[in-house]
Each structure stands twice: as structure tokens, then as C-alpha cells.
Amino acid sequence: MSDQKWTSIKTKEAVAARLRVLAAEHGTTMDGLLEQLAFRELTEEEREQRARDAALELGVEYTPEVKAQGTDAWAKVRSHRARQGGRAA
């Protein structure tokens, strides 16, 4: 990855201090920690593609109705996790 260009991110000192502590606790750099955080969450486009792939694998036509049902199901999962204090179900 040495051929990638670097940039900087401005943040509050308290946030930067917390990132340094978290990076040290995870045995990585701030860059490594930010990369982990950035790629932990899927983008909307990535979620959409995964839903289409799953529907195809299941032999289900990916219609707006199927998308709405999936969206509702994931909202219920997130709600349940929130009630459980963020623990996986």
C-alpha cells in the first residue's frame, strides 16, 4: 500500500487522544485503526449488492418489495441489538 497517497483528517484533540489510546490497545497505528473502522461498516452500495447477491443465491427475485422486507428485518435486528446493549443476538 506504499503507493497510496496520504491525507490528513482534522479532529478535536480529545478525539485524537482517544484514537491514539484505542490504536495502542489494539496493537496498531492510528492509520490502521481508522482503516479498520472505515471498512467495518458497509456502504449503502455494498449492502445493496450483497442483498442482490443473496437474493440470487436463494433464487428470489430482488424486487422493491423484497428490498423493503429486508430493510424492515434489519431494522428489527438493530433494534433488538440496541435493547441488548449492542451485544450480538
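Worth saying up front: this structure is predicted, and the values here are computed from it rather than measured.
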>> Apply side chain to side chain contact (heavy atoms under 4.5 Å, CB included) to residues R47 and E41 and explain how you reach the verdict.
In response: CA-CA 9 Å; R47 285 191 296 274; E41 183 78 22; 3.7 Å; yes
> Taking all non-hydrogen atoms of both residues, which atom of L33 and which atom of A23 are closest, and how far apart?
Replying inline: CD2-N, 3.7 Å
> F39, L34: one ILVMFWY side-chain cluster at the under-4.5 Å cut-off?
Replying inline: no
> Is any side-chain N of the basic residue among R20 and E25 closer than 4.0 Å to the acidic one's carboxylate O?
Replying inline: no
> Where is the tightest heavy-atom contact between E61 and V66, given as atom of each residue plus distance?
Replying inline: O-CG2, 3.4 Å
> Okay, side chain of H80, backbone of K76: is any donor-acceptor separation there less than 3.5 Å?
Replying inline: no
> Are side-chain heavy atoms of V15 and K12 found at a separation under 4.5 Å?
Replying inline: yes
> In Å, rounded to the nearest 0.5 Å, how long is the span from CG of D53 to CD of E48?
Replying inline: 10.5 Å
> Got E35 and M30 here, is their nearest side-chain heavy-atom distance under 4.5 Å?
Replying inline: no
> Can you hop from V60 to Y62 via hydrophobic side chains spaced under 4.5 Å?
Replying inline: yes
> Hey, does the side chain of T71 reach the backbone of K67 with a donor-acceptor pair shorter than 3.5 angstrom?
Replying inline: yes
> Would T43 and E45 count as having a side-chain donor-acceptor pair, cut-off 3.5 Å?
Replying inline: no
> Do E57 and R50 sit within salt-bridge range, that is, some charged N less than 4.0 Å from a carboxylate O?
Replying inline: no
> Does R18 CZ have over 12 foreign heavy atoms under 6.0 Å away?
Replying inline: no
> If you measure from CG on L19 to NE2 on H26, what distance do you get to the nearest 0.5 Å?
Replying inline: 11.5 Å
